[in-house]
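Working notes, structure below.
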Number of protein chains: 2
Amino acid sequence: MLGEKLKELREAKGLVQRQVAADLQVDTAYISKMEHNEKPVSRKHLKKLAKLYSVTENELLPIWLADKVLQLVENEKYSIQALEMVLNNVKEK
Amino acid sequence: MLGEKLKELREAKGLVQRQVAADLQVDTAYISKMEHNEKPVSRKHLKKLAKLYSVTENELLPIWLADKVLQLVENEKYSIQALEMVLNNVKEK
DNA sequence: TCTATATTTGTCCTTTTTAGGACAAGACCA
DNA sequence: TGGTCTTGTCCTAAAAAGGACAAATATAGA
C-alpha cells in the first residue's frame with residue numbers, strides 16, 4: 001500500500017529514485033525496496049519523504065500504519081474478528 | 001485483553017498459577033505477566049493454555065491477535081483510519 | 001495475629017528477530 | 001550504450017522474546 005503511494009508521489013513530482021536516495025542519504029536500492037514494500041519505512045524517512053513530495057505527513061501516516069497492521073494480520077485466520085475487536089476498543093476510548 | 005481472559009479461564013478451572021506454570025514449564029512470575037499483558041503469549045503457549053483450560057484454540061486466537069494489533073496501534077493518531085483501511089483490504093480478498 | 005501459599009513486580013540475561021543499510025549484479029528501457 | 005530500477009546477499013546494530021531469579025505484597029486460614 002504505502003510503497004505504491006510513494007512511487008506515485010515520486011513520479012508525480014518527476015523525481016527519479018537517485019534524487020530521493022540522495023535526499024534521504026541512502027542508496028537507490030533502498031528506495032526501490034521501500035516502493036516494493038520490501039523494507040519498512042521508518043518514521044524519520046516518512047517525514048522526509050512527505051516534505052520532498054509536498055504532502056503532509058498526515059496524509060501518509062494512516063497508510064503507513066495500515067501497512068504495519070496489514071503485515072501483522074495477513075495470513076491470519078481471524079484477522080477480521082481481531083480487527084473489529086480492536087476497532088471497537090479504540091473507538092470507545 | 002488476552003491476559004484477563006486467561007485469568008478468568010484459569011480461575012474457572014480452579015487452577016493456581018503454579019499449576020499452569022508447571023504445565024508450561026515456566027515459573028509463576030511468567031504466568032503472572034502473561035495475565036497482566038506484560039509478556040507476549042507465544043502461539044505454543046497459547047495452544048497449551050487452550051488445552052489446559054478446555055477451550056478451543058479458535059476461541060483464543062482472535063483475542064490473541066487483537067492484542068497484538070492493539071499494541072501496534074495504540075497511541076497512534078490515525079489508528080481508526082488505519083484499521084478501517086486494513087479491514088476493507090482484508091475483507092475484499 | 002502469624003504464617004504459608006499465591007501472586008506480583010523488578011531486574012537481569014541470553015537468544016532470536018527485525019531494522020537499516022551497503023554492495024554487486026542483473027534487467028529494463030530508450 | 002548509459003541511466004534507471006530491481007533483486008539478492010550480506011552485515012551490524014538495535015530491539016523484542018523468552019525466561020530465570022529474588023524480593024516484595026496480598027491473602028486466607030489456624
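Note on naming: letters A, B, ... go to the chains in the order of the sequence lines (proteins, then strands), and numbering restarts at 1 for each one. Source: prediction; values computed, not measured.
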Atom pair CD/NE2 of B:E4 and B:H36 - distance to nearest 0.5 Å: 8.5 Å
Residues from residues 9-22 of chain B lying under 4.0 Å of DNA chain C - heavy atoms: B:R10, B:V16, B:Q17, B:R18
N/O donor-acceptor pairs under 3.5 Å from side chains in residues 12-33 of chain A, not counting sequence neighbours:
unit_1	atom_1	unit_2	atom_2	d
A:K13	NZ	A:S54	OG	2.8
A:Q17	NE2	A:E35	OE1	3.2
A:Q19	OE1	A:V16	N	2.8
A:D27	OD1	A:A29	N	3.4
A:D27	OD1	A:Y30	N	3.1

Distance (rounded to the nearest 0.5 Å) between A:L65 CG and B:M85 CE: 9.5 Å
Minimum-distance nucleotide to A:S32 side chain [options: C:dA22, C:dT9, D:dC5]: D:dC5
B:K5/B:E59 salt bridge by N-O under 4.0 Å criterion: yes
Gap between atoms CG and P, on B:N37 and D:dA17 respectively (whole Å): 13 Å
Nearest-0.5 Å distance, OH of residue A:Y78 to CG of residue B:N58: 3.0 Å
Rounded distance (Å) that lies between atom P of C:dG20 and atom CD of A:Q25: 16 Å
Distance, nearest 0.5 Å, that separates NZ of A:K47 from OG1 of A:T56: 11.0 Å
Separation between CG of B:N88 and CG of B:L83, rounded to the nearest 0.5 Å: 11.0 Å
A:H45 side chain near C:dA19 phosphate (N/O to OP1/OP2, under 4.0 Å): no
CA sep, side-chain torsions, deciding dist, call: B:L61, B:R43, side chain to side chain contact (heavy atoms under 4.5 Å, CB included): CA-CA 9 Å; B:L61 271 171; B:R43 276 186 106 125; 3.5 Å; yes
Euclidean distance, atom CE of residue B:M34 to atom P of D:dG19 [Å, nearest integer]: 7 Å
Nearest listed nucleotide, side chain of B:K7, among D:dG18, C:dT8, D:dT6: C:dT8
Whole angstrom value for the distance that separates P of D:dG3 from CG of A:D27: 18 Å
Rounded (10°) bend between the five-pair end axes of the helix from C:dT1-D:dA30 to C:dA30-D:dT1: 40°
Spatial distance of atom CG (B:D67) from atom CG (B:L2) [nearest 0.5 Å]: 5.5 Å
Pairing of A:K68 and A:E74 as salt bridge, 4.0 angstrom limit: no
Distance in angstrom units between B:H36 NE2 and C:dT8 C1', rounded: 7 Å
Could you list, one pair per line, each protein nitrogen or oxygen that sits under 3.5 Å from a nitrogen or oxygen of nucleotides 10-17 of chain C, together with the distance?
unit_1	atom_1	unit_2	atom_2	d
C:dG10	N7	B:K33	NZ	3.2
C:dG10	O6	B:K33	NZ	2.8
C:dT11	O4	B:K33	NZ	3.2

Side chains of B:K48 and B:K51 in contact at under 4.5 Å (non-hydrogen atoms): no
Heavy atoms from other residues, nucleotides or ligands near CD of A:E84 exceed 12 (cutoff 6.0 Å): yes
Heavy-atom closest contact (A:A66 atom, B:A82 atom, distance): N-CB, 3.7 Å
What protein N or O atoms touch nucleotides 27-30 of chain C N or O atoms at under 3.5 angstrom, if any, and at what distances?
none

Check: A:W64 side chain, A:V41 main-chain N or O, donor-acceptor pair, under 3.5 Å: yes
Rounded distance (Å) that lies between atom P of C:dA6 and atom CD1 of B:I31: 14 Å
Length of the line joining A:D23:CG and C:dG21:P, which is rounded to integer Å: 13 Å
Side chain to side chain, B:Y53 and B:L60, heavy atoms closer than 4.5 Å: no
Contact pattern, 5' to 3', of nucleotides 24-30 of chain D - B, S or - by protein heavy atom under 4.0 Å: -------
Spacing of A:K68 atom NZ relative to C:dT18 atom C1', expressed in whole Å: 10 Å
